[in-house]
Every structure is written in C-alpha cells, then in structure tokens.
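Written below as structure tokens is the structure these notes are about.
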2 protein chains.
Amino acid sequence: MIKISTGIRYALRSLIYIAMNYSGKPLSLKEIARDQEISKKYLESLFRLLKNAGLVHSSKGSVGGYQLGKSPEDITIFEVFYAIDGPINLVDCATNPASCSRTGKCETINFYKEMQDNLSSYLTKTRLSDIVTTAEKKIAFLK
Amino acid sequence: MIKISTGIRYALRSLIYIAMNYSGKPLSLKEIARDQEISKKYLESLFRLLKNAGLVHSSKGSVGGYQLGKSPEDITIFEVFYAIDGPINLVDCATNPASCSRTGKCETINFYKEMQDNLSSYLTKTRLSDIVTTAEKKIAFLK
DNA sequence: CTCATTACCTAGTGTTTCTATAGGAATTAT
DNA sequence: ATAATTCCTATAGAAACACTAGGTAATGAG
C-alpha cells in the first residue's frame, strides 16, 4: 500500500506551524510538540533531518528553538520528502538497474520511471507557501 | 518511504506477459512463474485478487490457467493497484476524516487530497496496452 | 474412469520497515 | 550556577510485507 510516512506528515505540520507563527524568535520543539500534539522526542529525530537539509536552522540554549532556513516560497514539498524519507524510489530498478536480475528483459521500468517523474514534479512544483496561503485564507474566512 | 509493493510489480509483469503471449489458450501459473522467475505460490495469492477484480478469468483442470478478463486497452493501471493493494490512501485523514483527532484544525489535508488525485488520475489514464505497446516496439527494434 | 494437472483455499511464519522511546551530553540565556 | 534547550546513540515495540505449507476441488487427457 502506497503511504505517506508519519515522519513526513509531522514534518509538514511542524513547518507550516513555524511559518504561520513567525515572530522573529525561534520556536522550541516543546511548543511545537504541544500545539501539534506530537511526541517531542520523535520531533527531535525529524528536526535533525530537516536541519541537515537546510530547511530549518536552530539555536541552542535556554531560549533556543527552530526557524525556517528559507522563505516558504523557496521550500518545495519535494525537499521535505527527501529530507525525511530520502530519495523517492518507487521501485529499486528504476534508480539502480543492477538491483534486479531482470533489468533489460523487464517491460515495466519505463512506466515506473514516468510515474516517479510525475510524482516528483508534482512535489517540486508545490511549495510550503501554497499550503500556508490556503490555510490563511481558510482562517480569514472563519473570522 | 513511498514504495510500490512487490505484489503490484509481480501482478503487472504477469498481466503484461499474458497480454503479450495470447494464443487463445489460457496460460498456467506454472508457466508464468517460470518465465517471470516469481514464486508460484505467491502468484496464486495475487491472481486470486486479480480474478476478484475481473482483470483475469480462470479455467481449472489439466489445461487450465488464466486469460485477461478485458482487453489491455480497458485495463487501467489504477485497477491493478486497487486489486492488489486496495484503495489508494496516501493518508488516512484524506479518506476518513474521523480517523484523526485534528481534522478541522489541520492544514495539510487539502494538499494530500490533491496529491492523491494527481496520482490516481495518472494511474487511471495509463493502461496495460500502453506498457505492452512500448514493449513491442522495443522488441521490433531489436530484431 | 482413473490419473495427472491445474486452480483454489486457510493458515501461519520470518523478515523488514516504521514509529516511538530512553537516557544522557553539549550549549546558552538568565 | 541553573534551567532550558538542542543534539546524539541506541534500542524496543508494533505493524506491514513477502512468502510458504499443506491441502481440497475441478477438469481434461489417456
């Protein structure tokens, strides 16, 4: 079954939360975890990955926390997927032909490559700002 | 990590093999398993699902086996995915809002729905015949 | 009419991946 | 100094996945 991992779901929600609550000061994991109802310990492991990818940067210490590493317009959803789950690889043979003994005989590789391109380009063209904008419109409407 | 299951990979290869070797007689799992280098026992479980979905029909007995249930132009890849792995459901909340306590507060659902639509429509518009045609062209070129 | 061959069925098992937790070390503002 | 935070390694529990075992039922061939 094709699924989006909880790691990605949590990371997206956290990034959106940071984007929508920017005040110049970093937000701590404690606060993000509380608001988003996510285990703080689990968030720690995710934010390490986000930081390595440059999507957030951190400050340590007693008023430390995280801020976005780039503006929301410059963060593609593809980057978030890549940071948390690694390269998108619907099937091994599409990326690494040597992984399958039937490479060359098999008629499905082109289909998988095309499907993967379709997915990647969708994830690349939608950006964090798109989701945030939609959310802000919803909130404005409710007021 | 977003992955295509081996069940789907095996099913696709098997259906392509049947489509490309049609002679009026059904093909047995034994032959499909041998040619495609897939465990026959595992294929049995997959073909049950394909049969329930109407993608193949079977004949028992000593010269029994499987044939396509429809012409390759009428078999969408979406149907194959659905038959083997069940409904496409990238996240539970997109299909079943009650599954998450944050439904209503959460800003990501629309994105997931759109992503899922994008995926589904791609799988629906590509058909078994598309893959078979590409394969036949490749074979003709090699001759 | 018997036999070989095939699809069909239920159950279970080992492996891997995913999700989450434990316990602490390093850093920094107050 | 102290309290709050990020950062790091390791590991455990749970769930999904891939595959196997062992047998029954149907059907055409001889």
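Just so it is clear: chains get the letters A, B, ... in the order the sequence lines come, proteins before strands, and each one is counted from 1.
- Crowding of A:Tyr82 atom OH: a count of heavy atoms from other residues, nucleotides or ligands under 6.0 Å not exceeding 12.
- Counting to the nearest Å, the C1' atom of D:dT5 and the CD atom of A:Gln67 are 14 Å from each other.
- A:Phe47 comes within 4.0 angstrom of no nucleic acid atom, judged by non-hydrogen atoms across all strands.
- Within the 4.5 Å cutoff, no side-chain heavy atoms of A:Lys138 are placed close to those of B:Asn110.
- Remark on DNA chain C: of its neighbouring residues B:Ser28 and A:Lys40, the 5'-side contact belongs to B:Ser28, judged by nearest-heavy-atom nucleotide.
- Following rounding to the nearest Å, A:Tyr66 (OH) and C:dT28 (P) show an atom-to-atom distance of 14 Å.
- Going from atom CD1 of A:Ile18 over to atom CG of A:Asp35 covers 11.0 Å, rounded to the nearest 0.5 Å.
- Residue A:Lys30 places no side-chain N or O under 4.0 Å from the OP1 or OP2 atom of D:dA4.
- Below 30°, between 30° and 60°, or above 60°: for A:Tyr10 and A:Tyr42 the angle between ring planes is above 60°, a perpendicular geometry.
- Going from atom CG of A:Leu27 over to atom P of D:dT5 covers 11 Å, rounded to whole Å.
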Where along nucleotides 8-19 of chain D does protein come under 4.0 Å, by heavy atom, of base (B) or sugar-phosphate alone (S), with - for untouched nucleotides?
-> BB-------SSB
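- At least one side-chain heavy atom of B:Arg9 sits under 4.5 Å from a side-chain heavy atom of B:Ile4.
- Counting to the nearest Å, the C1' atom of D:dT5 and the NE2 atom of A:His57 are 17 Å from each other.
- The residues B:Asp92 and A:Lys3 are annotated as salt-bridged, a charged nitrogen and a carboxylate oxygen being separated by less than 4.0 angstrom.
- Here C:dA20 presents its P atom at 14 Å from CD1 of A:Ile8, a figure rounded to the nearest Å.
- Atoms CD1 (A:Ile38) and C1' (C:dT21) sit 16 Å apart, rounded to a whole Å.
- Within a heavy-atom distance below 4.0 Å of DNA chain C, no residue of residues 91-105 of chain A is found.
- Atom NZ of A:Lys25 has 12 or fewer heavy atoms from other residues, nucleotides or ligands within 6.0 Å.
- Annotation: A:Lys70, atom NZ; neighbour count of heavy atoms from other residues, nucleotides and ligands within 6.0 Å is above 12.
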Let me see the working for B:Glu44 and B:Lys40 under salt bridge (Lys or Arg N to Asp or Glu O under 4.0 Å), right down to the final yes or no.
-> CA-CA 6 Å; B:Glu44 283 182 13; B:Lys40 175 168 166 291; 3.4 Å; yes
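- Residues A:Ile2 and B:Leu90 meet the side-chain proximity criterion, which asks for heavy atoms closer than 4.5 Å.
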Expected rows: protein N/O vs nucleotides 25-29 of chain D N/O, under 3.5 Å:
residue : atom : partner : partner atom : Å
D:dA26  : O4'  : B:Lys60 : NZ           : 3.3
D:dT27  : O2   : B:Ser62 : N            : 3.3

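- Atom CG in B:Leu43 sits roughly 13 Å away from atom C1' in C:dA7 (whole-Å rounding).
- Summarising the geometry of A:Leu68 relative to A:His57, their closest heavy-atom pair is O-NE2, 3.7 Å, with the distance given to 0.1 Å.
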